Amino acid sequence: MEQALYFTNSLSREKELFKPLNPPHVGMYVCGPTVYGPAHLGHGRPYITFDVLFRYLTHLGYKVRYVRNITDVGHLEDEVEGTGEDRIQKRARLEKLEPMEIAKLFTDEFHRCMRLLNVLPPSIEPRASGHIIEQIEMIKKILDNGFAYVSNGSVYFDVIKYAQSHDYGTLSGRIVEEQLAGAGSERRELEGQDEKKNPADFALWKKAQPNHIMRWPSPWSEGFPGWHIECSAMSRKYLGETFDIHGGGMDLLFPHHESEIAQSKGCCGHAPVRFWMHNNLITINGQKMGRSLNNFINLDQLFTGNHPLLKQAYTPMTIRFYILQAHYRSTLDFSNEALQAAEKAMIKLMNSVKAIDRIKPSAQSTVQIKPLRQKCYEAMNDDLNTAIVLSHLFEASRIINSTITGKEQLTAADLTEIKKLYDDFLFTILGMMQENAADDRSVDGLMNLILSIRQEAKLKKDFAVSDRIRDELLKLNFEIKDSKDGTSWSKN
RNA sequence: GGUCGCGUGGCCGAGUGGCUAGGCAGAGGUCUGCAAAACCUUGUACAGCAGUUCGAAUCUGCUCGCGACCUCCA
């Protein structure tokens, strides 16, 4: 099916029709995690957002190469304290672990969380530490082109020089002159600032301090790559000098992505990315959730409920649903109330999906099912509006439930249609999944036995027994529901 | 100070000129031995002020409030 997908290109700040460079192939790069700590809720959002984009593009028939990096080279821990100590190194020293051991630990942890959230693995997941050579090659080329200079063993990108022949700041709407004017009233004291010709310059290669463990040889010094160069080098290697989509959180727009553009142009002479996409941040009490603000809740803590701000545990699918209920370009505020509402809504939706099989087809349908599919496509095509897609799926849910209570009727064909709607949009594209799916057959058998005993008790009007069975099962998280047609159960 | 964005009914959260978003919570009802679920009904919402328009939550201006980023916190 041919669908015209529009999404907001951060470069123009407008919705643009997406056309890949080389259809049906799509190259997509998303900034991945730095693996020096556990992933928190704020990290969950971009990976879920771009997972949905990956899934949707794939669903539309594109051949997507999705590259998401792992940053494991570490950078400065705390420049304000002036220690210059590598973050990963600091953790390692504290916990007496090798830096790479830490990186491995949190990479595994990250993967585990992504799996639980049903985030598909990317096509390629390159590590920064495995692409030092590519980064050095790129820096060399930028130096050759005259857009960088060596200073005391470090290499800096020359923003002023670059801005004379190229647009700088187009992505973030910044003007070099204003940056240089030093308008910032409280400019921070940054380590290595005196090595730069200009405060606007940024590092491509940093010479390592003696206590810096993570280091690699280079033509300029033993050191490590600058903050931005890894994404440029790895995207170029796997997606080419120009590729379709680059995604990430809005907090990366400047300086990270702006620098990526400058580096790539400085190296190859043209812009690396055609469509930039940025998801908004998750806030808590109106403030950005982030490591630096120390107001984050780890994904694992959400899953276990083990955090002082959490009133209960939330399942991975609840988290995913909560994120999908908002549009990706809006901020999303954390609260227990919001998560609890999402949990209930999700369970309601999932229950009606399960209930489809209980419906007996009718000769005629009393409602139109077909239009829902096109409405879902329209919502996805309009800047990935997952919130609207969900509202249509709730409409389908209402139809299913009304059919069960006899208010509506559906033909076998429409039942198939509605099932396919959920398969495609809820499961395949939005990536939701049933969490407590039908365990195993022995539970089915046991439940059938117990429920038949309860049914006999009810027929004998022995409600003490029937209620006891129901209440005790509920304590074990098996919820049973009586209806005219019999009793159904679900595990919560 | 600069750049960008936000302010929607009790809560979360869609929506960019006229048509019910949706979810959660609340109220009433149907069903039911009770309960739960489900279904039906129910909401003076669009920060404030002024303007454009036949018509604005949606466009313009101003005011107030909040947030993100501002060069090495991915």
Side-chain angles (χ1 to χ4, degrees), chain A residues 13 31-36 43 46 69 71 75-80 87 128 157 159 169 172-175 178-179 181-188 190-193 196 198-203 206 226-228 230-231 248-259 280-281 283 286-288 290-293 321-322 325-327 329-333 335 337-346 348-349 351-352 355 379 382 385-395 397-398 400-402 404-408 458 461 463 466-467 470-471 474 479-484 488 490:
Chain A
R13 299 193 186 91
C31 291
T34 299
V35 283
Y36 69 89
H43 294 122
N69 64 294
T71 295
H75 295 281
L76 301 180
E77 161 67 20
D78 189 345
E79 68 282 5
V80 177
R87 282 202 303 261
F157 190 88
V159 172
S172 57
R174 264 155 242 268
I175 300 161
E178 285 176 357
Q179 298 285 308
S185 50
E186 292 173 23
R187 187 169 279 286
R188 293 173 293 177
L190 296 168
E191 187 267 336
Q193 219 43 304
K196 295 183 188 177
N198 193 287
D201 297 345
F202 55 88
K206 286 286 284 183
W227 181 23
H228 317 293
E230 63 177 81
C231 289
M250 270 184 188
D251 52 343
L252 299 180
L253 216 134
F254 189 90
H256 187 53
H257 291 158
E258 197 71 73
S259 301
N280 217 317
L281 307 176
T283 57
Q287 264 205 324
K288 169 188 173 181
R291 276 178 183 147
S292 55
L293 291 165
F321 192 87
Y322 155 76
Q325 263 195 315
H327 188 255
R329 288 179 51 80
S330 299
T331 55
L332 176 58
D333 199 54
S335 70
E337 291 69 25
L339 262 321
Q340 283 164 355
E343 180 182 60
K344 287 190 181 175
M346 178 193 68
K348 180 178 166 180
L349 196 58
N351 280 344
S352 57
D382 185 14
N385 202 326
T386 55
I388 295 292
V389 173
L390 284 174
S391 79
H392 295 315
L393 295 180
F394 273 107
E395 169 66 10
S397 161
R398 209 208 85 243
I400 290 167
N401 291 329
S402 295
I404 288 169
T405 57
K407 283 195 158 51
E408 305 282 4
K458 280 177 69 173
K461 304 259 182 211
F463 296 122
S466 68
D467 287 357
R470 182 182 64 202
D471 297 343
L474 190 59
E479 189 174 11
I480 64 180
K481 292 156 196 161
D482 294 332
S483 72
K484 281 183 196 143
S488 65
S490 61

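Sequence lines set the chain letters: A, B, ... in the order given, protein chains first and strands last, and positions in each chain run from 1. All values reported here derive from a predicted model rather than from experimental measurement.
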Atom [atom1], compared across [N] and [M]: separation rounded to whole Å:
N     : M     : atom1 : value
B:A47 : B:G15 : P     : 15 Å
B:U8  : B:C40 : P     : 29 Å
B:C70 : B:U53 : C1'   : 40 Å
B:G17 : B:G1  : C1'   : 36 Å
B:A45 : B:C62 : C1'   : 24 Å
B:U20 : B:A57 : P     : 15 Å
B:G2  : B:G22 : C1'   : 39 Å
B:G43 : B:G10 : P     : 14 Å

Ignoring hydrogens, what is the shortest heavy-atom contact between [X] and [Y]? Give both atom names and the distance.
X        : Y        : value
A:Phe321 : A:Ala342 : CD2-O, 3.6 Å
A:Gly248 : A:His257 : CA-CE1, 4.2 Å
A:Ser330 : A:Asn280 : O-CB, 3.2 Å
A:Ser172 : A:Arg13  : C-NH2, 3.9 Å

- prompt: RNA chain B in dot-bracket, Watson-Crick or G-U pairs under 3.5 Å, [ ] crossing, | other strand?
  reply: (((((((..(((.....[...))).(((((.......)))))....(((((..]....))))))))))))....
d([atom1], [X]; [atom2], [N]) in whole Å:
X        : N     : atom1 : atom2 : result
A:Glu258 : B:C4  : CD    : P     : 13 Å
A:Trp227 : B:U71 : CH2   : C1'   : 8 Å
A:Arg13  : B:C6  : CZ    : C1'   : 15 Å
A:His327 : B:C12 : NE2   : C1'   : 17 Å
A:Leu474 : B:C34 : CG    : P     : 19 Å
A:Ile388 : B:A21 : CD1   : P     : 10 Å
A:Arg329 : B:G5  : CZ    : C1'   : 9 Å
A:Asp467 : B:U32 : CG    : C1'   : 12 Å

Could you list all N or O pairs between the protein and nucleotides 22-26 of chain B that sit under 3.5 Å apart?
residue: B:A25; atom: OP1; partner: A:Lys344; partner atom: NZ; Å: 2.9

Does the side chain of [Y] come within less than 4.5 Å of [X]'s, by heavy atoms?
X        : Y        : value
A:Asp482 : A:Lys458 : yes
A:Arg398 : A:Glu408 : yes
A:Tyr36  : A:Arg291 : yes
A:Phe157 : A:Asp201 : no
A:Pro255 : A:His228 : yes

- request: Hey, which sits more toward the 5' end of RNA chain B by its nearest nucleotide, A:Lys407 or A:Asn280?
  value: A:Asn280
task: On RNA chain B, check which nucleotide each of A:Ala326 and A:Arg398 is closest to and give me the residue with the more 5' one.
output: A:Ala326
Is there a side-chain polar atom (N or O) of [X] under 4.0 Å from OP1 or OP2 of [N]?
X        : N     : answer
A:Arg470 : B:C34 : no
A:Asn401 : B:C39 : yes
A:Ser259 : B:U71 : no

Nucleotides 63-69 of chain B: which of its N/O atoms have a protein N/O under 3.5 Å away?
residue: B:C69; atom: OP1; partner: A:Lys288; partner atom: NZ; Å: 2.8
residue: B:C69; atom: O2'; partner: A:Arg174; partner atom: NH2; Å: 3.4
residue: B:C69; atom: O2'; partner: A:Phe254; partner atom: O; Å: 3.3
residue: B:C69; atom: O2; partner: A:Arg174; partner atom: NH2; Å: 3.4

message: If you apply the rule side chain to side chain contact (heavy atoms under 4.5 Å, CB included), what do you find for A:Leu281 with A:Leu332, and how did you get there?
response: CA-CA 7 Å; A:Leu281 307 176; A:Leu332 176 58; over 6 Å; no
task: Would you tell me whether A:Asp333 and A:Thr283 have side-chain atoms, one donor and one acceptor, within less than 3.5 Å of each other?
output: yes
- prompt: For A:Glu479 and A:Asn351, what are the C-alpha separation, side-chain angles and deciding distance, and is it a side chain to side chain contact (heavy atoms under 4.5 Å, CB included)?
  reply: CA-CA 12 Å; A:Glu479 189 174 11; A:Asn351 280 344; over 6 Å; no
message: If we check side chain to side chain contact (heavy atoms under 4.5 Å, CB included) with A:Cys231, which of these qualifies: A:Asn69, A:Thr71, A:Leu252?
response: A:Asn69
